[in-house]
Amino acid sequence: MGGEEEGVIEDREKWNQRYLAEEYPQHPSRIVQEYALLAPGGKALDLACGNGRNSVFLAHHGFRVDAVDISDVGLSRFSDQSPEIFPICMDLDRFDIPEKKYAIILNIRYLSRRLFPYIRDGLMPGGILIFETYMEGEPDEDDPTPSCRDYLLRENELLHAFLRLRIIYYREYKGESRKGRSHIASLVAQRIP
Ligand SMILES: C[S@@+](CC[C@H](N)C(=O)[O-])C[C@H]1O[C@@H](n2cnc3c(N)ncnc32)[C@H](O)[C@@H]1O
């Protein structure tokens, strides 16, 4: 087996173990609840969908959802909750998003910079992007073990990455997360029709 293939299996195993051993939030993200319905109806893409809390919300609001994650355990937690959810068990390092296909793309608590241009181009005109994930920040007593820098946004990075879209909302702040208080960046943007 090649090193790349082994890496995928390791990542899948790691996330499967987490979903078996730990509790993850079940409620949809607040930013998704607040902004998803700005999107024209149609197809949705939930990148690194995890236990599907946001995919299920979108399906219940009339979207047909492609829900992608490397963890089959995460996907198994929700894929039978709606016939409008299409689970895709795949490594996002190898996933290419088709152009102009999606009315809405979610990227919540996950970061792959390689995907930025695919995300932009994957939106149909008028389509909505909701992106929220962790940023670099000074460690503190609530969050003493910062993750690898590869998985953390820098200041203003998310804003700059999507300036070709119409920015509807952008904020960098310190908010609650599973890990305590974390630095988070949130963006909502629309592909100009
Ligand atoms: C912190 S969880 C966020 C899940 C979900 N977006 C949410 O907000 O509830 C990160 C997710 O990224 C997935 N993931 C990590 N690396 C991945 C990869 N290379 N390809 C696809 N999914 C990946 C994990 O399996 C996990 O479900």
Side-chain angles (χ1 to χ4, degrees), residues 1-36 44-61 63 65-79 81-82 85-98 102 104-116 118-119 122 128-137 143 145-153 158 171 173 175-188:
M1 199 181 336
E4 208 175 322
E5 199 58 40
E6 277 173 31
V8 175
I9 291 170
E10 266 173 37
D11 282 351
R12 176 165 298 136
E13 219 20 66
K14 179 181 80 184
W15 279 99
N16 279 347
Q17 287 307 325
R18 287 187 183 171
Y19 284 119
L20 290 169
E22 297 170 31
E23 281 294 313
Y24 280 79
Q26 301 286 331
H27 52 274
S29 310
R30 184 180 297 176
I31 194 164
V32 174
Q33 296 183 62
E34 283 181 11
Y35 289 97
L45 175 63
D46 188 359
L47 294 165
C49 58
N51 66 7
R53 59 189 178 133
N54 293 314
S55 295
V56 170
F57 175 85
L58 291 181
H60 287 163
H61 286 83
F63 293 94
V65 188
D66 289 340
V68 189
D69 202 283
I70 203 168
S71 165
D72 48 302
V73 173
L75 290 170
S76 71
R77 296 277 161 87
F78 70 97
S79 45
Q81 286 193 33
S82 162
I85 294 177
F86 306 93
I88 302 171
C89 189
M90 208 172 149
D91 178 8
L92 282 167
D93 291 340
R94 302 162 180 209
F95 186 75
D96 294 340
I97 302 170
Y102 292 103
I104 181 164
I105 298 180
L106 303 185
N107 185 120
I108 307 291
R109 311 289 159 128
Y110 174 76
L111 183 61
S112 164
R113 293 175 172 87
R114 185 191 73 85
L115 287 174
F116 286 175
Y118 292 105
I119 291 174
I128 293 286
L129 168 64
I130 303 181
F131 200 129
E132 180 173 88
T133 198
Y134 301 106
M135 297 182 64
E136 284 187 344
D143 184 13
T145 48
S147 314
C148 167
R149 288 189 84 206
D150 289 351
Y151 304 121
L152 297 173
L153 289 163
L158 186 58
R171 186 174 173 214
Y173 62 103
E176 294 303 325
S177 74
R178 278 185 68 249
K179 300 188 270 179
R181 283 176 71 72
S182 299
H183 290 81
I184 292 168
S186 297
L187 171 128
V188 180

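In listed order, ligands and their atoms are each counted from 1. Just so you know, residue 1 is the first one in the sequence shown, and it goes up from there.
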| Quick one: are Y102 and F63 in side-chain contact, heavy atoms under 4.5 Å? |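 Heavy-atom side-chain distance check fails, nothing below 4.5 Å.
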
| field | Contact check, side chains of R94 and V8, non-hydrogen atoms, under 4.5 Å | value | yes

| task | Can you measure from CH2 (W15) to CD1 (I70) and round to the nearest 0.5 angstrom? | result |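 If I round to the nearest 0.5 Å, the distance is 10.5 Å.
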
| What salt bridge (charged side-chain N to carboxylate O under 4.0 Å, His left out) pairs are there with at least one residue in residues 14-31, not counting sequence neighbours? | E22-R178

| Would the Y24 and Y19 ring centres measure less than 6.0 Å apart? |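 Yes, the ring of Y24 comes within the 6.0 Å limit of the ring of Y19, centre to centre.
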
| request: For ligand 1, list the protein residues that place a heavy atom within a distance below 4.0 Å of one of its atoms, sorted by chain and number. | output: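 W15, Y19, A48, C49, G50, R53, D69, I70, S71, M90, D91, L92, I108, R109, Y110.
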
| Looking at I105 and I119, what are the two nearest heavy atoms and their distance? |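 Heavy-atom minimum between the residues: CD1-O, 3.5 Å.
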
